[in-house]
Amino acid sequence: MTQPSSTHPAPQGEGATTLIEAVKALVKSELAPISSEIDQQGRYPVEFLRRLGELGGFSASIPATQGGEGFGLATQIAITTEVGRECGSTAFLVWCQSSCARYLQQSPNDAVRERYFSDVLSGRLLSGTGMSNAVKHLAGIENIHLKARREQDAYVVSGSLPWVSNVGEDHLAIVAAAVESGGYVMMAVRGDAEGVTLRPCPEFAGLEGTQTLNIRLKDVRIPADSVLAHPEQFSAYLKSIKPGFVLGQVGMGFGVIEGSLRTIRESNVTTAHVNQFLDDQGEDLERAAQALWADTRALAHLVDTGKARVLDVLRLRLAASELTLKTANSAMLHIGAKGYLMRHPAQRRLREAVFVAIVTPALKHLRKEIHALEQAAREEQAA
Ligand SMILES: Cc1cc2nc3c(=O)[nH]c(=O)nc-3n(C[C@H](O)[C@H](O)[C@H](O)COP(=O)(O)OP(=O)(O)OC[C@H]3O[C@@H](n4cnc5c(N)ncnc54)[C@H](O)[C@@H]3O)c2cc1C
């Protein structure tokens with residue numbers, strides 16, 4: 001079988017290639033040696049995140065005129081992939097941080113951007129995105145957990161979010177709440193703000209190094225310069241950030257896929273004579289990953305230019321979840337008992353693959369939203 005080291009096509013342009021190479025080198029020297037510790041001892045890779053931020057690892061998709069690298073979303077996804085190839089958990093943190101940078105960049109409110117954007121972009125201020133509950137609420141899956149009372153352009157917020165990653169006392173969290181007088185508000189909350197309590201979650205089966213905490217807010221005052229979108233701005237704003245937020249996650253999947261393909265290749269060196277009887281062969285998975293990358297690149301370009309259809313983004317994110325599960329599962333079946341050892345990454349990747357499929361939007365959530373959009377399109381056609 002052919003043995004390329006990567007399924008993602010080289011990023012376009014010299015600058016993007018140089019950045020990816022720098023990320024690769026950083027991953028090799030600073031992340032690969034601690035990936036087991038991250039998984040098994042819950043080490044939060046804060047030093048790695050800071051170094052990645054200094055390199056521009058969270059700002060690839062932000063236009064150069066706004067302090068970013070200006071390489072587009074596909075390059076940001078390629079960076080997340082490079083990280084995820086060694087550690088899916090840290091790839092999730094890269095997605096959290098780069099997504100928060102994008103939220104701030106796209107906010108219609110200058111004040112919040114002035115306050116937080118450049119620090120989040122550079123990784124000086126680490127930030128979690130606690131949007132799962134709001135996104136699921138808007139898809140008709142669960143009730144909203146945060147409630148806000150408006151006082152002119154400020155808000156007083158209470159409620160709790162069960163699990164938000166990449167947060168801490170010296171971090172930021174970007175969350176959304178239902179406003180008493182109607183609509184929703186999206187805002188940035190500091191972990192050390194008065195009325196905020198952070199509590200540890202019960203132990204997870206994976207992703208333990210993501211500093212995922214329970215956030216409780218009790219009458220927390222959110223000043224106007226921490227508001228990303230007021231109720232009258234919320235709907236248009238969410239529409240503008242959602243494609244990038246959802247598509248950006250496929251980098252976690254590609255990382256796990258590439259790591260799993262590596263395991264398959266390594267295993268075939270000695271056991272191809274028996275591995276050939278497995279359902280999902282390396283060549284087929286690799287071809288599927290390359291096709292998915294081509295689609296991702298095209299769609300990322302449409303997201304960059306504001307022309308992506310949300311249905312296409314949801315379908316691609318779903319395909320990425322499915323292929324990640326399939327490839328991580330096949331890697332385990334290829335490598336066999338060796339991969340069942342805690343020191344082998346194959347079992348960790350299987351747990352990371354499951355996370356790709358359960359983090360919001362989860363596989364079931366994607367199918368629900370896709371079903372609703374397809375149904376609406378059919379009804380519109382019939383009318
Ligand atoms: C390691 C980890 C990290 C995460 N990081 C983040 C993050 O950074 N930001 C973020 O926003 N989210 C985060 N999440 C949350 C994640 O994105 C999902 O939303 C969450 O896992 C719940 O989704 P679900 O599909 O399992 O819920 P569903 O199965 O869809 O359940 C829907 C909801 O119904 C309710 N419900 C269902 N059954 C019951 C019941 N028996 N009793 C009471 N209530 C019930 C609950 O409110 C539940 O959330 C993280 C989760 C994990 C595991």
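In this chain, residues are counted from 1 in sequence order. Counting convention: from 1, in listed order, for ligands and their atoms alike.
Put simply, the side chain of Trp293 reaches to within 4.5 Å of the side chain of Ile77, judged on heavy atoms.
Residues Trp163 make up the rest of the hydrophobic cluster containing Phe204, defined by ILVMFWY side-chain heavy atoms closer than 4.5 Å, directly or through other members. Grouping Ile, Leu, Val, Met, Phe, Trp and Tyr by side-chain contacts under 4.5 Å, direct or through others, leaves Val256 on its own.
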Short N or O separations between ligand 1 and the protein, below 3.5 Å:
residue, atom, partner, partner atom, Å
ligand 1, 5 (N), Ser165, OG, 2.8
ligand 1, 8 (O), Ser165, N, 2.8
ligand 1, 8 (O), Ser165, OG, 3.3
ligand 1, 9 (N), Thr129, O, 2.9
ligand 1, 11 (O), Met131, N, 3.4
ligand 1, 11 (O), Ser132, N, 2.9
ligand 1, 12 (N), Trp163, O, 3.2
ligand 1, 17 (O), Ser132, OG, 3.4
ligand 1, 17 (O), Thr360, N, 3.0
ligand 1, 17 (O), Thr360, OG1, 3.0
ligand 1, 19 (O), Ser132, OG, 2.6
ligand 1, 19 (O), Lys136, NZ, 3.3
ligand 1, 19 (O), Thr360, OG1, 2.8
ligand 1, 23 (O), Lys136, NZ, 2.7
ligand 1, 27 (O), Lys136, NZ, 2.9
ligand 1, 29 (O), Lys364, NZ, 2.6
ligand 1, 47 (O), Glu142, OE1, 3.4
ligand 1, 49 (O), Glu142, OE1, 2.4

Show me, pair by pair, the donor-acceptor contacts under 3.5 angstrom made by side chains of residues 236-247, not counting sequence neighbours?
residue, atom, partner, partner atom, Å
Tyr237, OH, Tyr103, O, 2.6
Ser240, OG, Tyr237, O, 2.7
Lys242, NZ, Glu369, OE1, 2.8
Lys242, NZ, Glu369, OE2, 3.1

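Note on Arg348 versus Glu86: no salt bridge recorded, every NZ/NE/NH1/NH2 to OD/OE distance being 4.0 Å or above.
Counted by atom type alone, Arg85 and Thr81 present zero donor-acceptor pairs between their side chains at under 3.5 Å.
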